Undergrad: 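A single structure is presented below for examination.
None of these values were measured; they are calculated from a predicted model.
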Amino acid sequence: MEIGIDSFASAMYGDNNTLSSVDAMEQLLQRIEFADQVGLDVFGIGEHHKKEFLDSATAVILSAAAARTKNIRLSSAVSVLSAADPVRVYQSFATLDLISKGRAEIVVGRGSSIEAYPLFGYDLNDYDALFKEKLNLLLQIRDNEFVTWSGKFRPALNNLPVYPRALQEKLPVWLGVGGTPESFIRAGSLGLPLMVAIIGGQTHRFRPLIDLYREAGKSAGFKPEELKVGLHSPGYIGTTTEKAIEDYYPGYAELWTKLGYERGWPPVTKGKFDGLIDDLGVLIVGSPERAAEKILRHSEALGGVDRFTFQMDNAGLTHQQLMNAIELIGTKLIPLIKKG
């Protein structure tokens with residue numbers, strides 16, 4: 001199993017959130033560089049168009065990280081494909097692939113944050129139709145140098161080439177999904193690796209959806225080893241479970257209560273948080289030993305997970321706390337995962 005981190009390039013660090021955007025970006029790049037040094041497998045950058053996040057130009061951040069790293073794979077997490085031009089998405093990540101010497105990946109999705117749609121002139125009523133059409137075009141571009149294509153939301157292409165081409169023969173494109181059955185079936189039917197974002201409740205409840213993915217892939221003629229499953233969940237690693245909870249809970253409660261207010265969720269309580277960090281809950285918060293045990297339990301419950309990525313910068317943690325967690329993931333947790 002690969003282990004990594006996904007970041008939304010949060011600008012909400014420092015006492016009273018006083019860290020400048022320049023310093024926040026530099027610290028993010030330092031964390032990616034350090035993750036590479038201590039042996040993490042992948043680092044992903046999200047896409048938002050909000051004041052509190054600096055990740056609106058995902059491939060630019062990843063390209064800066066590529067120049068400072070050697071081994072770690074660099075991915076979006078996720079690219080809001082519905083509100084983007086697939087030609088430019090491919091070109092940006094193909095360029096990243098060249099800079100990183102073959103370490104680029106794309107996780108594409110419709111986006112749970114919807115601010116990109118009005119910003120780029122798209123109608124939310126076309127939410128799924130946009131994604132379906134643009135995913136089709138992106139995969140055609142990925143697989144063919146010259147593309148002939150027509151659709152509803154973008155001008156047609158008539159035997160036009162798209163450059164540059166990625167270094168990898170088949171640039172990895174993962175499908176990022178939430179809880180919509182059709183999305184799991186779509187990923188399986190296309191034989192795309194699946195990245196499941198589980199941010200609340202109990203992880204094992206997603207097993208029926210992942211089974212749908214695997215069944216759809218099998219029906220479409222794909223081999224089991226082609227149908228990779230990734231899991232993205234909030235979490236944080238401390239030297240002890242008690243220390244991890246002490247560091248993580250206050251910021252988590254504050255920020256997720258704020259997010260809940262925007263999306264209609266109830267406020268975070270300590271009791272609810274305790275349920276999320278128990279054996280079956282979604283949050284991976286604890287010591288390396290506790291976290292490794294829980295990740296392996298989740299993998300078994302879901303029928304096998306090929307990649308797990310932590311979402312750590314959503315709890316107001318400091319740069320040093322995040323650096324410490326990255327070191328523990330690389331030096332302690334990953335060896336435990338490999339031992340099984």
Undergrad: Taking atom CD of E169 as the centre, report whether more than 12 heavy atoms of other residues, nucleotides or ligands fall under 6.0 Å from it.
TA: no
Undergrad: Regarding D279 and R290, does a basic nitrogen lie under 4.0 Å from an acidic carboxylate oxygen?
TA: yes
Undergrad: Supply the atom-to-atom distance Y117 OH to D126 CG, rounded to the nearest 0.5 angstrom.
TA: 9.5 Å
Undergrad: What is the minimum heavy-atom distance between G340 and L296, and which atoms define it?
TA: C-CD1, 3.7 Å
Undergrad: At their closest point, which heavy atom of V173 faces which heavy atom of L192, and how far apart are they?
TA: O-CD2, 3.6 Å
Undergrad: Between L81 and V89, what is the shortest heavy-atom contact and its length?
TA: CD1-CG2, 4.2 Å
Undergrad: Checking side-chain polar atoms at under 3.5 Å, does T69 have a donor or acceptor matched by the opposite partner on R103?
TA: yes
Undergrad: To the nearest 0.5 Å, what is the distance between CZ on F222 and OH on Y213?
TA: 9.0 Å
Undergrad: Could you tell me whether R68 and E26 make a salt bridge, using a distance below 4.0 angstrom between a side-chain N and a carboxylate O?
TA: yes
Undergrad: Quick check: closest heavy atoms across A35 and I72, and the distance to 0.1 Å?
TA: CB-CD1, 3.9 Å
Undergrad: Can a salt bridge be assigned to the pair E293 and R297 using a cut-off of 4.0 Å between side-chain N and carboxylate O?
TA: yes
Undergrad: Flag the pair E182 and K132 as a salt bridge only when some basic side-chain nitrogen lies within less than 4.0 angstrom of an acidic carboxylate oxygen.
TA: no
Undergrad: Could you check, using the six-membered ring where one of them is a Trp, whether H298 and F308 have ring centers closer than 6.0 angstrom?
TA: no
Undergrad: For the residue pair K272 and P266, what are the closest heavy atoms and their distance?
TA: NZ-CG, 4.1 Å
Undergrad: Applying ring-ring contact (aromatic ring centres under 6.0 Å, His included), name anything that partners Y122, two or more places apart in sequence or on another chain.
TA: none
Undergrad: Does D85 form a salt bridge (Lys or Arg N to Asp or Glu O under 4.0 Å) with R154? I'd like the steps, not just the answer.
TA: CA-CA 8 Å; D85 182 349; R154 188 201 186 282; 3.0 Å; yes
Undergrad: Tell me if the CD atom of E300 is crowded by more than 12 foreign heavy atoms within 6.0 Å.
TA: no
Undergrad: Is there side-chain contact between F93 and L138, with heavy atoms separated by less than 4.5 Å?
TA: no
Undergrad: Return yes if a side-chain donor-acceptor contact under 3.5 Å exists between D23 and Q27, otherwise no.
TA: no
Undergrad: Give me the one residue out of L280, V196, V282 that meets side-chain contact (heavy atoms from CB on, under 4.5 Å) with T203.
TA: V282
Undergrad: Answer yes or no: is there an ion pair linking D128 with R110, defined by an N-O contact shorter than 4.0 Å?
TA: yes
Undergrad: Please name the pair of heavy atoms, one in W174 and one in K228, separated by the smallest distance, quoted to 0.1 Å.
TA: CH2-CB, 4.3 Å
Undergrad: Assess whether atom OH of Y261 is packed by more than 12 heavy atoms of other residues, nucleotides or ligands within 6.0 Å.
TA: no
